[in-house]
Amino acid sequence: MNANAGSAARALDEILVAARLQQAVSVAANLGIPDVIADETRSLSSIAAAIGAHEDALYRLLGTLAAGGILHEEAGRSFRLTDLGELLRSDLAGSKRDWAILIGKPYVREAWSNLEHSIRTGENAFAALYGESVWSWRSSHPEEQASFDRAMAGNSSAVAQAVAEAFDFGPLETVVDVGGGTGTLLAAILRRHPGLHGTVFDQPDVAVSDATRAVLK
């Protein structure tokens, strides 16, 4: 194997094991590990105590996250967040915590595991497993609908202000956000352009947030 082939093999290996790192990130977010560490360097034992985890098992998880660039391991089995890890804190603007939690949900993973069936038959992978669309399924699982809405709002919040400032909404009277979820993007636009009227159009089970409702006209 020549040098280029060896480099390609390493790159492919990283792709093939990426799902494992993704799941580790999702578990860390769900356990609240980034919030526990926050802007400090925390010992393994203190993190384990804070989240109620088995120390040895937690150390393997934290080591995986360190190898993936989410954490940095210090001496004495202590850890701090990297710039990537900071994005998983729930108390910071533009947090990806809820998105990380969502993509680690069993129903999301199972649908992706059914991809081959979808490619062979053309049938929707989720519907083939659950007998209904993911939208219908979430409507009867309100806790999962709420989790999805939080993830979408978090993704929108990361770009909402930039969109509100970059686009010239001046000539418009009304903005309709189709598929706007809880209205995070629309709220940012209306705060930036208070003369506009706004409407969020989405699934009937999606609830517009109180913050958005306050600026809708």
Side-chain angles (χ1 to χ4, degrees), residues 18-40 42 47 50-53 58 61-62 64-65 68-71 79-113 125-126 130 133-164 177-191 200-216:
R20 299 175 185 177
L21 177 59
Q22 175 262 299
Q23 189 63 18
V25 172
S26 183
V27 168
N30 200 44
L31 290 172
I33 291 172
D35 285 345
V36 169
I37 297 175
D39 55 2
E40 303 178 43
R42 297 288 299 267
I47 299 171
I51 66 173
L58 178 61
L61 174 64
L62 299 182
T64 299
L65 295 170
I70 306 300
L71 301 177
F79 296 85
R80 61 176 171 82
L81 297 174
T82 64
D83 289 343
L84 290 179
E86 288 281 337
L87 293 173
L88 297 170
R89 291 176 58 176
S90 64
D91 59 339
L92 298 183
S95 171
K96 294 290 185 179
R97 178 178 185 265
D98 289 311
W99 175 240
I101 291 172
L102 175 69
I103 61 175
K105 295 274 187 178
Y107 78 90
V108 175
R109 297 199 316 271
E110 288 166 4
W112 277 101
S113 295
F126 184 91
Y130 288 86
S133 75
V134 68
W135 308 107
S136 174
W137 184 86
R138 286 197 189 107
S139 70
S140 59
H141 294 76
E143 71 286 358
E144 298 299 351
Q145 180 66 59
S147 176
F148 177 80
D149 291 343
R150 288 193 299 269
M152 295 301 100
N155 283 345
S156 293
S157 68
V159 299
Q161 192 60 38
V163 171
D177 190 352
V178 179
T182 58
T184 300
L185 175 59
L186 181 61
I189 293 171
L190 296 182
R191 282 193 292 267
V200 176
F201 184 85
D202 210 307
Q203 300 283 331
D205 299 292
V206 178
V208 172
S209 68
D210 291 340
T212 300
R213 190 175 289 109
V215 296
L216 286 174

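We're numbering straight along the sequence, starting at 1.
- Here Ile33 contributes atom CD1 and Ile51 contributes atom CD1; the two are 4.0 Å apart, rounded to the nearest 0.5 Å.
- Taking NZ of Lys96 as the reference point, atom CG of Asn155 lies at 4.0 Å (rounded to 0.5 Å).
- Residues passing the salt bridge (charged side-chain N to carboxylate O under 4.0 Å, His left out) test with Asp35: none are found, sequence neighbours excluded.
- Atoms CH2 and CZ, on Trp137 and Phe126 in that order, are 5.5 Å from each other to the nearest 0.5 Å.
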Are Ile189 and Asp177 close enough, and set up right, to give a side chain to side chain contact (heavy atoms under 4.5 Å, CB included), and what steps lead you there?
CA-CA 10 Å; Ile189 293 171; Asp177 190 352; over 6 Å; no

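- Using a 4.5 Å heavy-atom threshold, the side chains of Trp99 and Leu88 count as separate.
- Note: Ile37 CD1 to Leu81 CG = 5.0 Å, rounded to the nearest 0.5 Å.
- Ile103 is not listed as a side-chain neighbour of Gln23, based on a closest heavy-atom distance of 4.5 Å or more.
- Residue pairs meeting the salt bridge (charged side-chain N to carboxylate O under 4.0 Å, His left out) criterion with at least one partner in residues 99-111, sequence neighbours excluded, are Lys105-Glu144.
- To the nearest 0.5 Å, atoms CZ (Arg150) and CD (Gln145) are separated by 10.5 Å.
- The backbone N or O of Ala29 lies less than 3.5 Å from a partner atom in the side chain of Arg97, making a donor-acceptor pair.
- With hydrogens and angles disregarded, a donor-acceptor distance shorter than 3.5 Å links the side chain of Thr82 to the backbone of Gly69.
- Scanning all heavy atoms of the two residues, the minimum distance from Pro34 to Ala28 falls at CD-O, 3.4 Å.
- Heavy atoms from other residues, nucleotides or ligands lying under 6.0 Å from CG of Asp91 number more than 12.
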Checking Leu61 against Leu65 for the side chain to side chain contact (heavy atoms under 4.5 Å, CB included) test, could you report, in this order, the C-alpha distance in whole Å, the side-chain angles of both residues, the deciding distance, and whether it holds?
CA-CA 6 Å; Leu61 174 64; Leu65 295 170; 4.2 Å; yes

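- For the pair Leu84 and Val25, the minimum side-chain heavy-atom distance is 4.5 Å or more.
- Checked by atom type and distance alone, the side chain of Ser157 pairs as donor or acceptor with a backbone atom of Gly154 at under 3.5 Å.
- Within the 3.5 Å criterion, the main-chain N or O of Val36 finds a donor-acceptor partner in the side chain of Arg42.
- Atom CD of Glu86 sits about 7.5 Å away from atom CG of Asp39, to the nearest 0.5 Å.
- Here the shortest heavy-atom pairing between Ser26 and Gly104 reads OG-CA, 3.1 Å.
- By the salt bridge (charged side-chain N to carboxylate O under 4.0 Å, His left out) test, Arg80 pairs with Glu74, sequence neighbours left out.
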Evaluate side chain to side chain contact (heavy atoms under 4.5 Å, CB included) for Asn30 paired with Val27, printing each intermediate quantity in order.
CA-CA 5 Å; Asn30 200 44; Val27 168; 5.7 Å; no

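- Looking only at distances, a side-chain donor or acceptor of Ser156 sits under 3.5 Å from a matching main-chain atom of Met152.
- Scanning all heavy atoms of the two residues, the minimum distance from Ala160 to Thr184 falls at CB-O, 4.2 Å.
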